[in-house]
Amino acid sequence: MRYRTIGQDAKARREVSVLSLGAMLFGTATDEATSFAILDRYVEAGGTFIDTSDNYAFWINGTQGGESEELLGRWRRSRGVGDEIVIATKVGGRPNSPSSTFSHDIEGLSAEVIRESAERSRERLGVEKLDLLYAHVADAAVPLGETVEGFAALVADGTVGLLGVSNH
């Protein structure tokens with residue numbers, strides 16, 4: 001396995017495997033036993049970087065998401081996984097109400113939603129600090145400055161290490 005350093009700040013940067021494991025369907029279309037087996041095999045092969053989101057996978061069973069993060073939290077606890085595995089998660093694309101289809105009725109990226117969503121993700125994953133937090137989708141309804149300040153506040157208070165954007 002090859003590795004790469006992400007982040008530049010010495011306090012937040014992390015070394016991760018170049019191959020990241022996507023956990024989108026873990027806990028929904030991929031059952032727990034299979035998900036755990038895939039995660040175990042990935043780590044045995046040297047993998048250290050897992051991708052998920054707070055809205056995965058709402059469309060499978062008509063929820064608001066969170067199943068993937070919950071499964072990853074259970075796996076982490078059952079295996080005693082700590083900081084050696086970096087989990088990247090995303091906020092902003094979670095539907096406002098249970099849904100089975102993609103729509104524009106999503107939480108978005110206001111500072112309040114960013115903070116609340118990050119807290120829920122931390123709880124589901126069972127971590128005090130999110131390694132890498134992405135803005136999942138662009139939100140034209142919220143001033144960009146508010147979104148940036150919302151993410152920056154989480155880094156400043158130590159609940160998030162690194163930031164990113166996805167689907168922008």
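These numbers come from a predicted model, not from an experiment.
- In this structure, the side chains of Y3 and V18 stay at 4.5 Å or more apart for every pair of heavy atoms.
- For E112, the CD atom sits in a loose shell: 12 or fewer heavy atoms of surrounding residues, nucleotides or ligands are nearer than 6.0 Å.
- Residues satisfying the ring pair (Phe, Tyr, Trp, His ring centres under 6.0 Å) test with F58, not counting sequence neighbours, are F102.
- With E15 contributing its side chain and R4 its backbone, the two residues share no donor-acceptor pair below 3.5 Å.
- A heavy-atom distance below 4.5 Å is not found between the side chains of T30 and L71.
- Under the side-chain hydrogen bond (donor to acceptor under 3.5 Å, both in side chains) test applied with S117, the options R94, E107, R122, K90 reduce to a single match, E107.
- Not one N or O on the side chain of D51 forms a donor-acceptor pair closer than 3.5 Å with the backbone of G22.
- We find the CD1-CZ distance between I38 and F36 to be 12.0 Å, quoted to the nearest 0.5 Å.
- With hydrogens and angles left out, the side-chain atoms of Y42 and T48 include no donor and acceptor closer than 3.5 Å.
- Put simply, V148 and L163 are part of two different groups of oily side chains (I, L, V, M, F, W, Y) that touch within less than 4.5 Å, one to the next.
- A donor-acceptor contact under 3.5 angstrom links the side chains of D157 and T159, judged on distance only.
- The shortest distance between side-chain heavy atoms of L154 and I114 falls below 4.5 Å.
- Between L133 and T89, the closest side-chain pair of non-hydrogen atoms falls below 4.5 Å.
- I85 and I6 end up in the same hydrophobic cluster when Ile, Leu, Val, Met, Phe, Trp and Tyr side chains are linked at under 4.5 Å.
- Atoms CG and CG, from D131 and D83 in turn, are 7.0 Å apart once rounded to the nearest 0.5 Å.
- For the pair T52/F26, no side-chain contact is recorded, criterion being any heavy-atom separation below 4.5 Å from C-beta on.
- Using a 4.5 Å cut-off between side-chain heavy atoms of Ile, Leu, Val, Met, Phe, Trp and Tyr, V142 forms no hydrophobic cluster with any other residue.
- Contact annotation: the side chain of M24 never approaches that of S53 to less than 4.5 Å [non-hydrogen atoms, C-beta and beyond].
- Between E67 and T28, the side chains place no donor N or O within less than 3.5 Å of an acceptor N or O (distance only, hydrogens not considered).
- Annotation: R41, atom CZ; neighbour count of heavy atoms from other residues, nucleotides and ligands within 6.0 Å does not exceed 12.
- A153 and R115 get closest at one heavy-atom pair: CB-NH2, 3.7 Å.
- Atom CD of Q8 has 12 or fewer neighbouring heavy atoms from other residues, nucleotides or ligands inside a 6.0 Å radius.
- Sorted by first and then second residue, the ring pair (Phe, Tyr, Trp, His ring centres under 6.0 Å) pairs involving residues 122-168 (not counting sequence neighbours) are Y56-H136.
- Side-chain contact between D54 and R124: present, with at least one pair of heavy atoms (C-beta onward) separated by less than 4.5 Å.
- L132 and L125 fall within a single hydrophobic cluster, where Ile, Leu, Val, Met, Phe, Trp and Tyr side chains are chained together by heavy-atom contacts under 4.5 Å.
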